[in-house]
Asker: 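Here it is, the structure in full.
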Protein chains: 2
Amino acid sequence: MTNRISIDDIAKIAGVSRGTVSRAFNERSDISKKTRAKILEISRKHNYFPNNSARGLAKGKTECIGIVVPDLRNPFMPEMITAIEKAAKKHGFSALLSISDGNDETQSKILTRMAFGQVDGIITTPCETAESIRMLNSVNTKIPVVCLKNFDGLRCSSVSYNDRIGVQQLLEHLVGLGHMRIAFVSPPESQWTVSARYAAYDEILDSLKIKYRKNYELPPDSNPTDIWKNVGKLIFDSSNRNIPTAILAFDDIIAVHVMKAAEAYGKKVPHDVSVAGFDNISFSAISSVPLTTVCVNRERLGETAMELLLRRLKDEIKSEELHHIVLIPELVVRSSTAAPHVLRK
Amino acid sequence: MTNRISIDDIAKIAGVSRGTVSRAFNERSDISKKTRAKILEISRKHNYFPNNSARGLAKGKTECIGIVVPDLRNPFMPEMITAIEKAAKKHGFSALLSISDGNDETQSKILTRMAFGQVDGIITTPCETAESIRMLNSVNTKIPVVCLKNFDGLRCSSVSYNDRIGVQQLLEHLVGLGHMRIAFVSPPESQWTVSARYAAYDEILDSLKIKYRKNYELPPDSNPTDIWKNVGKLIFDSSNRNIPTAILAFDDIIAVHVMKAAEAYGKKVPHDVSVAGFDNISFSAISSVPLTTVCVNRERLGETAMELLLRRLKDEIKSEELHHIVLIPELVVRSSTAAPHVLRK
DNA sequence: GCATCTCGTCCGCTCGGGTTC
DNA sequence: GGAACCCGAGCGGACGAGATG
């Protein structure tokens with residue numbers, strides 16, 4: 001740090017006191033427009049800007065929020081983060097991004113550091129372990145935490161979207177097309193969201209008086225680019241006598257793998273099998289067969305989370321007061337779903 | 001901030017001075033193992049951790065780096081960011097992520113704030129305007145800046161990869177397969193990287209004694225999911241008498257659109273037209289026809305950028321000393337390229 | 001003389017009571 | 001009696017000279 005020029009230097013140059021310079025930068029009322037303009041001009045000329053740490057220390061806030069996510073592999077995350085960062089910036093906040101790797105301990109270290117003066121509040125897609133929940137609840141008593149998921153034991157506000165309605169829209173769409181054998185394909189790691197969507201799948205088919213159930217669970221060891229091979233073996237293998245006519249994938253990524261697997265086994269989508277996903281990631285619109293899926297508005301998700309956080313920061317909401325906001329997803333019908341082949345003959 | 005417990009409280013409880021507590025947390029030598037252990041234990045019990053702003057102010061550093069990128073739409077970015085954040089974390093740094101939207105002014109505000117005590121150094125994919133360059137050069141005299149691109153006028157260290165070699169590998173691959181009519185498809189916005197790749201395309205074909213040149217430039221107004229429609233009109237329209245047998249796309253995303261367009265016009269990839277991309281984003285391995293592309297190792301890119309930054313931070317490198325590290329990409333041959341149809345008859 | 005710890009100063013800024021015209 | 005400004009006390013920790021055993 002050469003070039004160090006501080007508030008005192010500017011004060012001296014402007015011929016005012018330190019406090020006045022401070023007031024100029026903090027948009028406070030008790031300063032004349034003229035003085036303020038002059039000070040800002042001088043600051044610009046001398047390339048001065050108030051030091052962030054000092055300001056943070058004196059104010060007891062950082063104007064910075066923390067974003068903690070397990071990884072960025074699913075395009076959903078970057079889109080989500082973009083929205084959060086945008087909303088944060090709009091309110092004068094910066095965003096500290098930290099990747100937990102889905103690891104309890106890593107997450108714990110990140111949260112500790114964040115909670116002690118690194119950020120004013122946290123938006124996170126947390127790990128689902130008991131230890132993680134304990135930690136989040138504890139951090140939430142210190143600085144506000146908004147989770148992008150909501151599950152048992154978590155005592156933090158949350159913004160999420162309604163999995164059940166998403167699943168319902170997709171299933172009703174498929175059943176409406178005439179499908180009676182709809183399978184569910186779930187990812188290797190079992191998370192809360194997976195169970196939630198499966199439960200919805202089960203119950204909604206129930207309400208639609210459909211008996212068929214089939215849950216294909218992907219093996220955990222698969223190489224991310226080879227998932228479709230396992231999908232193929234699991235579902236389309238010729239020895240499988242009871243192939244579903246439609247497949248509800250846990251998310252769009254898996255759906256793409258399902259389509260690829262189908263193709264590899266000579267099945268046409270949607271002619272031989274319909275496929276639907278979840279999330280509407282940008283790629284699903286341009287996949288070889290554009291994917292029918294369910295869309296949650298990331299912009300709104302991000303904005304809502306940020307707004308919830310802001311209200312806690314402004315003390316409009318107390319830490320004991322938990323808010324759970326649930327957004328409604330929308331069905332996006334594309335070409336990967338159609339009436340089952342048998343019906344069309 | 002309720003719950004506020006400071007270094008003084010811990011000192012009092014432990015029966016030592018403030019300085020000793022500080023030393024316990026800073027791994028300094030002049031403190032006995034026993035005292036240190038005791039202090040850390042007490043801190044843990046009382047849920048204490050040194051305040052980040054105060055520490056930053058006293059030390060004159062934040063242990064935080066800034067990452068500034070135009071957007072996260074291309075999956076390349078999140079992968080890049082993941083690598084940087086990982087490397088940063090490894091060295092005890094947090095990462096502040098800021099999205100510039102490719103906008104000069106936004107970038108400028110971000111950099112100003114970052115340069116004044118918000119972070120210790122910056123890794124960025126900068127805008128390419130004159131104003132942006134001026135700003136970066138100026139910021140770089142205050143805190144170290146490492147760019148993930150390198151272009152004229154920029155006086156910052158950089159880590160990038162060799163576009164020319166990437167293009168060369170792809171072209172030699174295509175020409176080796178027998179292609180004589182290879183077109184280049186470039187994105188709407190014209191950036192430095194586009195010209196660099198086009199220049200490489202031109203010169204390398206020259207050196208391979210191939211005359212054919214064709215640059216399809218995508219219109220700027222296209223909806224991100226509809227790019228392929230424009231590609232189709234541009235390239236595969238039946239009135240186009242001189243359709244190339246192979247297409248070199250600026251990046252994988254465009255390549256995917258090219259493949260989709262080809263399909264829409266009844267052309268089979270690679271039977272009727274070969275397609276190659278750039279970047280090897282995760283999706284290109286699972287697109288309907290897996291894409292031939294060129295791969296740069298993000299892990300290395302991120303790590304290298306972080307290491308370069310660290311050396312500046314440790315004063316091993318002076319700000320006047322510019323380092324430009326150029327990584328070599330690797331060819332990844334998949335199924336989207338093959339010998340041209342005519343040859344195979 | 002050495003390991004270990006204490007003390008006072010400083011980092012750069014905000015804030016609010018007090019002062020000035 | 002305001003509007004505009006000054007002043008001094010923190011904010012929580014780092015650090016180095018000096019004290020203690």
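Order of the sequence lines sets the chain letters (A, B, ...), proteins ahead of strands, with each chain counted from 1. These figures come from a predicted structure and were not determined experimentally.
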Asker: How close or far is atom P of C/dC11 from atom CG of A/Asp9, stated in whole angstroms?
Answerer: 11 Å

Asker: Between C/dG12 atom P and A/Asp8 atom CG, what is the distance in whole Å?
Answerer: 9 Å

Asker: Can you list the residues that meet the ring-ring contact (aromatic ring centres under 6.0 Å, His included) rule with B/Phe116, with sequence neighbours excluded?
Answerer: A/Phe49

Asker: Round to a whole Å and report the spacing from CD1 of A/Ile7 to C1' of D/dC7.
Answerer: 13 Å

Asker: Is there a side-chain contact between A/Ser32 and A/Thr35 (heavy atoms, below 4.5 Å)?
Answerer: yes

Asker: Which part of the nucleic acid, if any, lies within reach of A/Tyr48 when heavy atoms closer than 4.0 Å are counted: base, sugar-phosphate only, or nothing?
Answerer: sugar-phosphate

Asker: Give a yes or no on whether a salt bridge exists between A/Glu105 and A/Lys109, defined as a side-chain N under 4.0 angstrom from a carboxylate O.
Answerer: no

Asker: Would you mind checking if B/Glu321 and B/Lys318 are paired as a salt bridge, meaning a charged N to carboxylate O distance below 4.0 Å?
Answerer: no

Asker: Exactly one of A/Glu320, A/Arg155, A/Arg312 should register a side-chain hydrogen bond (donor to acceptor under 3.5 Å, both in side chains) with A/Asn140. Which one does?
Answerer: A/Arg312

Asker: May I ask you to decide if the ring planes of B/Trp192 and B/Phe151 are parallel, tilted or perpendicular, using 30° and 60° as cut-offs?
Answerer: tilted

Asker: Flag the pair A/Ile7 / A/Phe25 as yes when at least one side-chain heavy-atom distance between them is below 4.5 Å, and no otherwise.
Answerer: no

Asker: Expressed as a whole number of angstroms, how long is the span from A/Asn51:CG to C/dG12:C1'?
Answerer: 6 Å

Asker: Is the phosphate of D/dA14 approached by B/Ser22 (side-chain N or O, under 4.0 Å from OP1 or OP2)?
Answerer: yes

Asker: Nearest-Å distance, NZ (B/Lys59) to C1' (D/dG12)?
Answerer: 13 Å

Asker: If I take atom CD in residue A/Glu63 and atom P in nucleotide C/dC13, what distance separates them, rounded to the nearest angstrom?
Answerer: 15 Å

Asker: Separation of B/Glu27 atom CD from D/dA14 atom P, in whole Å?
Answerer: 12 Å

Asker: Does a side-chain N or O of B/Asn26 approach OP1 or OP2 of D/dA14 to a distance below 4.0 Å, or not?
Answerer: yes

Asker: Enter the inter-axis angle for the ends of the helix from C/dC2-D/dG21 to C/dC21-D/dG2 (five pairs per end, rounded to 10°).
Answerer: 50°

Asker: Please report, rounded to the nearest Å, how far the P atom of D/dG12 is from the CD atom of A/Gln118.
Answerer: 17 Å

Asker: Output, in order, the C-alpha distance, side-chain angles, deciding distance and verdict of side-chain contact (heavy atoms from CB on, under 4.5 Å) for A/Thr124 and A/Val69.
Answerer: CA-CA 6 Å; A/Thr124 180; A/Val69 296; 5.9 Å; no

Asker: Quick check for you: among D/dC11, C/dC15, D/dG13, whose closest atom lies nearest to any side-chain atom of A/Ala58?
Answerer: D/dC11

Asker: Any carboxylate oxygen within less than 4.0 angstrom of a Lys/Arg side-chain nitrogen, looking at A/Lys86 and A/Glu299?
Answerer: yes

Asker: Nucleotide by nucleotide, 5' to 3', does protein get under 4.0 Å of the base (B), only the sugar-phosphate (S), or neither (-) in nucleotides 2-9 of chain C, counting heavy atoms?
Answerer: --BBBBBB

